[in-house]
Amino acid sequence: MAFISILLMLLYILMLHGEIAARDQTKNLISPGSSLSPIAGHRSWRSPSGHFEFGFYEQGSGFAVGIWLQASADRKTVVWTANRDDPPLTPNATLLFTVNGKLLLRTEQGNEKVIANTSTNYVASFALMNDTGNFILYNDVFDVVWESFEHPTDTILGGQILAAGAQLLASVSETNSSTGRFHLEMQ
Ligand SMILES: *[C@@H]1O[C@H](CO)[C@@H](O)[C@H](O)[C@H]1NC(C)=O
Ligand SMILES: *[C@@H]1O[C@H](CO)[C@@H](O)[C@H](O)[C@H]1NC(C)=O
Ligand SMILES: *[C@@H]1O[C@H](CO)[C@@H](O)[C@H](O)[C@H]1NC(C)=O
Ligand SMILES: *[C@@H]1O[C@H](CO)[C@@H](O)[C@H](O)[C@H]1NC(C)=O
């Protein structure tokens, strides 16, 4: 009898553990209808480890949208930038993961710009800032419909593949992510 209760208890602990592990993987998923703002509320979405963040970072007199590695409390290294040659954004810009699965930037003037150009056949159901530094949009069965790793700017990270024909274009400077003068290309 005691043996059976111990067995049942073990089974219960194992089930609980599995459930917690499953929840851990999904707790950082970003749902449609979420948004970010440079100044109010959520400014970024973090990876589970907290090392990488996707969101607004300060650039010149305003903000840009990108991914950075938070190396320490006061040092971030930007590894990807959306629409890098656009002028800095004002504090009124909003980043939207819309209810119909689009990742858009709405400027102060109300203009909308696509951040993740997903094929119209695939609707994104979740977004995730992965611990590898890859920002991913998934459909409802967890196929990847868009990932920042396929659209590199000036950096490639461990696990990221630079496809044939793809380029890395250096930034103007450490504080300006616009396209600079140096290109690296697979030939
Ligand atoms: C970044 O550099 C580009 C090209 O030199 C320039 O046009 C732009 O104004 C700079 N942006 C900032 C925020 O300094
Ligand atoms: C931001 O939006 C608010 C309300 O629409 C407006 O009053 C304010 O002037 C805007 N700020 C900037 C910097 O454009
Ligand atoms: C999105 O991708 C399509 C096809 O690849 C292209 O024709 C279109 O110009 C792209 N849109 C933006 C906003 O980049
Ligand atoms: C997400 O990160 C995990 C490691 O944390 C890695 O094994 C996996 O390949 C990554 N997924 C994508 C699509 O980058």
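Small disclaimer: the values here were computed from a predicted structure and weren't measured. Just follow the structure's listing: the first ligand is 1, and inside any ligand the first atom is 1. The residues of the chain are indexed from 1 along the displayed sequence.
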I'd like to know whether CD of Q109 has more than 12 heavy-atom contacts from other residues, nucleotides or ligands below 6.0 angstrom.
yes
Test of proximity, Q59 against ligand 1: N or O pairs below 3.5 Å:
no
When you look for protein heavy atoms under 4.0 Å from ligand 4, which residues do they belong to?
N130, D131, T132, N134, I136
How about I156 and L168: do any of their side-chain heavy atoms sit closer than 4.5 Å?
yes
For E150, check salt bridge (charged side-chain N to carboxylate O under 4.0 Å, His left out) against everything at least two apart and list the hits.
none
If you compare all heavy atoms of A93 against all heavy atoms of P38, which two are closest, and at what distance to 0.1 Å?
O-CD, 3.1 Å
Please could you name the atoms of ligand 1 that N176 approaches to less than 4.0 Å, counting only its heavy atoms?
1 (C), 2 (O), 3 (C), 8 (C), 10 (C), 11 (N), 12 (C), 14 (O)
Please check if atom NE2 in H151 has more than 12 non-hydrogen atoms from other residues, nucleotides or ligands closer than 6.0 Å.
yes
Should we count CZ of R46 as having more than 12 external heavy atoms under 6.0 Å?
no
From F56, W68, F54, residue fulfilling side chain to side chain contact (heavy atoms under 4.5 Å, CB included) relative to S44
W68
Which ligand 1 atoms are under 4.0 Å away from a heavy-atom of G60?
13 (C)
